[in-house]
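Computed from heavy atoms alone, side chains included, the values below leave out hydrogens, waters and symmetry copies. Numbering of residues begins at 1 and proceeds along the displayed sequence.
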Amino acid sequence: MWRSTDGGTAWEESLKEGELSPIYTPDDALLTNRDAAGPIIARSTDDGATWTLIDTVPSLGFGYFPETFAALPPDPSLSGEAATEGVIVGGGNDGLIASTDDGFTWQTTDLFEAFRYRTISVIRAPWGVLYTLINDFERSEARGNGLVYESADGFMWTEVGQVPNISNGGGELVAAQDGSGDYLFAIDEGTRENLRVYASADRGRHWVATDSIDAESYTGFSGRLEQLVIGPHGRLWVAMAGPVGPSGVGGVLRTVEPVVAVASEVAIPLPDRAALEMAAPYPNPAGDTVTVTLTLPAPDAVSVTVYDMLGREVVLLHNGLLAAGEHRLSLATESLPPGTYVAHAVSKVASASQRFTIAR
């Protein structure tokens, strides 16, 4: 990895074997991965001048290499028991891992299993939710497609849709928001003749293909990479590296007109809590019972599930229609062992999670 301190005129080597996806963490540290035999994550608090190597990544016996990162900062509108920690999510060949201490230690999520998952992309959307585009090689009906999952906390993930033809060579997932809606875009692996960009106007639930992009000299995944970016004026950009495009040397293309009215990266709005709100469970720590409180602005079908920290379902608290307003769901905990649990609620357009502890 290289860095510049003068706006890009001069460059210096910052990190040997620094590889992909550098990201700033919720505490403004710089995090990246390393293509190395030793620790595979590096963290810097001085913009890349010096680095601390981190080797506390979950192991599957043969090593795990995160290729893409996303950060979910704490919500500054919450305080006290409702306050949330900042979360960093890393995605690799076996799924997703997450950190709540700014990248020093890492835990598995419910999308983490050896030889099953391949993470294509993980991002934070402008509306405050994490999304991942992932392949699941154990689901025969989903092979060849990219599965879209969303998460409010980085640990519990809910499948919301599928993008056609997103397989091993699939490209980036990007998000944008304007006054007319919330959008996700994804790029497929392409064929010998073209690439195709897919778009969703409902947060990943449904996808449509846009016009194809010429790619005359396709040589396979090892020789071609594609990436999507939403520019500062709302246009969608496609970068192609390798022997692709009409000239056979790659290049950068952009949409003629903006795909959104205002670019998503100009500001980072607070999470959208209008569709589904979950208060911190109480009491916390819990004894014999714990109460989960949901608030809905309109009637909606909602599923509320409690999971343990290994991602196993413990109990289904509710599954069905709820009226608008506040709802309190009680869970008897006498049969549950002490430890940390996650209450996860999913509606048609949103999800929310809160952790609680059982202590006796």
Side-chain angles (χ1 to χ4, degrees), residues 1-4 7-8 11 19-24 32 67-71 91 119-127 129-133 146 148 161 163-204 207-219 221 223-269:
M1 178 182 293
W2 294 73
R3 73 168 192 156
S4 173
W11 292 83
E19 188 70 12
L20 304 166
S21 304
I23 188 174
Y24 279 97
T32 190
E67 297 178 343
T68 178
F69 294 101
T119 309
I120 300 169
S121 181
V122 58
I123 64 169
R124 176 184 179 266
W127 49 93
V129 178
L130 294 169
Y131 287 88
T132 188
L133 186 61
V148 182
V163 187
N165 305 320
I166 303 290
S167 55
N168 280 336
E172 197 75 13
L173 182 71
V174 296
Q177 182 180 48
D178 65 11
S180 63
D182 302 329
Y183 304 95
L184 293 172
F185 299 91
I187 192 167
D188 73 353
E189 183 179 14
T191 67
R192 291 183 180 275
E193 291 79 27
N194 62 68
L195 315 176
R196 191 173 294 278
V197 176
Y198 291 86
S200 170
D202 57 1
R203 300 189 177 187
W207 293 81
V208 295
T210 65
D211 292 338
S212 61
I213 302 170
D214 289 340
E216 297 174 350
S217 304
Y218 178 65
T219 59
F221 174 64
R224 191 173 91 189
L225 296 172
E226 304 91 34
Q227 189 172 23
L228 289 177
V229 176
I230 300 291
H233 301 292
R235 289 185 174 91
L236 184 67
W237 295 72
V238 180
M240 301 180 292
V244 298
S247 64
V249 296
V252 178
L253 302 174
R254 75 174 187 182
T255 55
V256 176
E257 300 293 335
V259 296
V260 289
V262 178
S264 62
E265 66 266 32
V266 172
I268 301 177

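- To the nearest 0.5 Å, atom CD1 of residue Ile187 and atom CG of residue Leu228 are 4.5 Å apart.
- Of all non-hydrogen atoms in Ala71 and Arg124, the two that sit nearest each other are O-CD, 3.2 Å.
- At least one side-chain heavy atom of Leu236 sits less than 4.5 Å from a side-chain heavy atom of Val174.
- Heavy atoms only, all atoms of each residue included: Thr119 and Glu67 are closest at O-OE1, 4.5 Å.
- How far OH of Tyr24 is from CZ of Phe69: 14.5 Å, rounded to the nearest 0.5 Å.
- Annotation: side chain of Val148 is in contact with side chain of Trp207 (closest heavy-atom distance under 4.5 Å).
- The two residues Trp127 and Tyr183 come nearest to each other via the heavy atoms CH2-O, 3.6 Å.
- With sequence neighbours left out, the side-chain contact (heavy atoms from CB on, under 4.5 Å) criterion links Ile123 to Ser121, Tyr131, Leu173, Ala175, Leu184.
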